[in-house]
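Counting starts at 1 for both ligands and their atoms, following the listed order. In this chain, residues are counted from 1 in sequence order. All values reported here derive from a predicted model rather than from experimental measurement.
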Amino acid sequence: MNVLVIGSGGREHAIVWKVKQSPKVTKIFCAPGNAGIAGIAECVAIKADDIDSLVRFAETNRIDLTIVGSETPLVKGIVDLFESRGLKIFGPSKAAAQVEGSKMFLKHFLKRHNIPTAYYQTFNQTEFEKAVQYVTHSLPPFVIKTDGLAAGKGVAICQTAEEAITTLKEYFRDKVFGDAGNNIVIEEFMSGEEASLFVLCDGKEYVLLSSAQDHKRIGDGDTGKNTGGMGAYAPAPVVTKEILKTVEDAIIKPTLAGMTAEGYPYKGCLYVGLMMTKEGPKVVEYNCRLGDPETQVVMPLVESDAFDLFYACASGNVSSYELKLKDSSAVCIVLASHGYPDEYQTGNMITGLEETADNAVVFHAGTRNENGKTVTSGGRVLGVTAVGYGLKDTIERAYDAVKKISYKDIYYRTDIGKKGLQRQ
Ligand code: AMP
Ligand code: GLY
């Protein structure tokens with residue numbers, strides 16, 4: 001089988017790494033990939049959102065299965081395009097990808113189907129004054145979200161009405177997120193611990209991968225700015241068996257049934273972002289793809305054939321797939337560039353990558369090859385993942401491996417997995 005993976009981050013490296021272990025896979029391509037992926041797959045210089053070039057590539061190279069890593073091509077309709085040409089692809093249709101592509105769509109959908117989530121109101125750009133009135137007369141904190149995709153940055157948590165009004169000006173008047181901010185959602189702030197679940201669906205049935213927990217803030221102790229994710233661990237002890245049952249009954253099943261009833265059955269990965277509130281688990285967000293960095297801990301815990309899993313989902317028969325998960329823990333420490341998520345330098349040479357092999361696998365996110373050397377090329381550079389028995393030992397193994405790697409301006413959190421340990 002020839003496989004094409006679309007995207008260029010740590011998530012795509014972890015997918016390529018796992019799918020390649022299948023004896024059925026003869027050739028694996030990644031578009032556009034990165035320096036780490038280039039070591040195990042053939043990277044193709046096509047951007048992830050250039051869906052016309054991607055479909056031409058898949059036809060010319062007789063691709064048997066395409067796995068889409070990032071959301072942009074999904075929201076653009078890559079799945080509809082591939083399927084109209086008879087090509088097998090893992091991911092939701094354009095209509096179903098709206099769960100991530102439009103926060104307004106998602107919130108209205110959750111409300112229609114009585115699925116627990118934060119209380120909300122929506123406003124369009126002609127309703128600036130109305131939105132100002134709303135925040136002035138409601139209790140803070142507020143969570144203000146752009147309706148459209150904003151590269152993970154369109155969510156502002158505002159502690160006061162003044163802060164909220166500043167944010168409203170930025171979204172509606174200064175258009176800092178362009179058209180993505182033409183419509184906004186103002187949500188009630190939920191407190192609690194977050195966790196992520198990956199629901200792999202075939203349009204009818206689903207299987208669940210390990211629960212995981214991301215670390216979104218830049219600093220230890222969950223302080224400082226929001227980032228794309230500074231590390232993850234799986235499984236997440238906060239998702240107990242009882243909570244998982246509640247989430248399946250009150251969230252996952254009604255979501256999949258609702259989407260089918262409304263004419264867009266869900267196929268691909270439904271990423272369920274949860275908040276464990278005092279009233280029980282509630283939906284923070286859905287994504288239409290696997291999460292990053294969570295994929296870097298969830299994929300290594302899949303024992304069974306991952307190619308078969310993605311193929312079964314794309315083919316509508318995941319119920320015939322026997323998912324086996326490892327009875328282990330996985331921990332991923334993201335190594336970033338100093339300054340991220342704001343300004344940072346790139347082009348710094350990375351050393352020590354080979355010395356980690358005994359303890360960990362290193363997934364690349366922002367790296368490139370320069371004259372045969374691997375150098376930094378992004379804010380998040382590497383994801384160092386260890387797999388082991390017990391969360392505590394696995395955290396130690398991951399940090400032992402991290403210490404072997406160096407480059408100028410290296411930055412990482414030192415408390416990945418700590419919340420999981422405290423729960424145990
Ligand atoms: P989103 O893009 O919707 O996932 O939001 C990004 C992050 O903002 C989430 O992972 C949460 O940490 C936080 N967040 C979003 N919505 C809420 C909410 N209603 N209450 C508290 N935190 C939230
Ligand atoms: N880990 C959060 C995300 O993938 O959106």
Side-chain angles (χ1 to χ4, degrees), residues 7 9-12 14-15 68-72 74-75 97 99-107 110-111 115-122 138-159 164 167 177 180-181 184-199 209 211-218 222-234 236 238 269-279 281-299 332 334 341 363 365 380 383 416 419:
R11 166 183 50 209
E12 287 74 19
I15 293 171
V68 188
S70 51
E71 63 276 12
T72 327
L74 293 168
V75 171
V99 294
E100 179 168 4
S102 167
K103 300 256 189 219
M104 259 172 35
F105 169 92
L106 174 64
K107 295 300 285 191
L110 295 173
K111 191 173 167 190
I115 295 166
T117 189
Y119 175 81
Y120 73 102
Q121 291 281 318
T122 63
S138 312
L139 271 187
F142 306 103
V143 183
I144 308 188
K145 303 183 174 182
T146 60
D147 174 51
L149 291 182
K153 300 202 175 94
V155 176
I157 295 175
C158 306
Q159 298 300 335
T167 301
F177 294 111
I184 60 155
V185 178
I186 305 186
E187 279 183 20
E188 152 207 18
F189 179 84
M190 299 185 283
S191 31
E193 205 172 319
E194 284 182 71
S196 330
L197 279 178
F198 294 179
V199 190
L209 302 185
S211 61
Q213 193 174 56
D214 190 2
H215 297 64
K216 298 210 185 205
R217 304 292 201 94
I218 187 73
D222 295 330
T223 53
K225 292 204 165 164
N226 246 327
T227 70
M230 294 301 296
Y233 64 96
V238 68
C269 176
L270 179 72
Y271 170 117
V272 178
L274 293 168
M275 186 75 80
M276 307 304 164
T277 73
K278 284 203 192 87
E279 296 107 66
K282 293 188 182 177
V283 174
V284 178
E285 62 166 341
Y286 284 162
N287 290 322
C288 62
R289 36 112 191 136
L290 287 107
D292 202 10
E294 293 99 316
T295 302
Q296 300 179 55
V297 287
V298 163
M299 274 295 122
C332 171
V334 170
F363 297 119
R380 290 189 299 164
I416 302 301
K419 271 196 288 217

field: Smallest separation among heavy atoms of Val99 and Cys288, with atom names
entry: CG2-CB, 4.3 Å
message: Is it the case that the ring center of Phe198 lies less than 6.0 angstrom away from the ring center of Tyr271?
response: yes
- prompt: Of the non-hydrogen atoms in Asp214 and Gly231, which two are nearest, and what is the gap between them?
  reply: OD1-O, 3.2 Å
message: If you define the side chain from C-beta out and look only at heavy atoms, does anything of Arg380 sit under 4.5 Å from Pro293?
response: yes
query: Are the side chains of Leu209 and Met299 in touch, meaning some heavy atoms are under 4.5 Å apart?
result: yes
statement: Heavy-atom nearest pair, Met230 first then Ile416, reads O-CD1, 3.6 Å
- prompt: If you look at every heavy atom in Thr295 and Arg11, which pair is closest and at what distance?
  reply: OG1-CG, 3.7 Å
- prompt: Does the pair Lys107 and Thr117 meet the rule for a side chain to side chain contact (heavy atoms under 4.5 Å, CB included), with working shown?
  reply: CA-CA 8 Å; Lys107 295 300 285 191; Thr117 189; 2.9 Å; yes
query: Does a donor on one side chain and an acceptor on the other come within less than 3.5 Å for Tyr120 and Glu187?
result: no
Between the protein and ligand 2, are there any N or O atom pairs that come within less than 3.5 Å of each other, and if so, what are their names and distances?
| residue | atom | partner | partner atom | Å |
| --- | --- | --- | --- | --- |
| ligand 2 | 1 (N) | Asp214 | OD2 | 2.8 |
| ligand 2 | 1 (N) | Asp292 | O | 2.8 |
| ligand 2 | 1 (N) | Glu294 | OE1 | 2.7 |
| ligand 2 | 1 (N) | Glu294 | OE2 | 3.3 |
| ligand 2 | 4 (O) | Arg289 | NH1 | 2.8 |
| ligand 2 | 4 (O) | Asp292 | N | 2.9 |
| ligand 2 | 4 (O) | Asp292 | O | 3.4 |
| ligand 2 | 5 (O) | Asn287 | ND2 | 3.2 |
| ligand 2 | 5 (O) | Arg289 | NH1 | 3.4 |
| ligand 2 | 5 (O) | Arg289 | NH2 | 3.0 |

Between the protein and ligand 1, which nitrogen or oxygen pairs come in under 3.5 Å, and how far apart is each?
| residue | atom | partner | partner atom | Å |
| --- | --- | --- | --- | --- |
| ligand 1 | 2 (O) | Lys103 | NZ | 3.3 |
| ligand 1 | 3 (O) | Lys103 | NZ | 3.1 |
| ligand 1 | 3 (O) | Lys145 | NZ | 3.0 |
| ligand 1 | 4 (O) | Glu285 | OE1 | 2.8 |
| ligand 1 | 4 (O) | Glu285 | OE2 | 2.8 |
| ligand 1 | 10 (O) | Glu194 | OE1 | 2.8 |
| ligand 1 | 10 (O) | Lys216 | NZ | 3.1 |
| ligand 1 | 12 (O) | Glu194 | OE1 | 3.4 |
| ligand 1 | 12 (O) | Glu194 | OE2 | 2.4 |
| ligand 1 | 16 (N) | Lys145 | NZ | 3.0 |
| ligand 1 | 19 (N) | Glu187 | OE1 | 2.7 |
| ligand 1 | 19 (N) | Glu188 | O | 2.9 |
| ligand 1 | 20 (N) | Met190 | N | 2.8 |

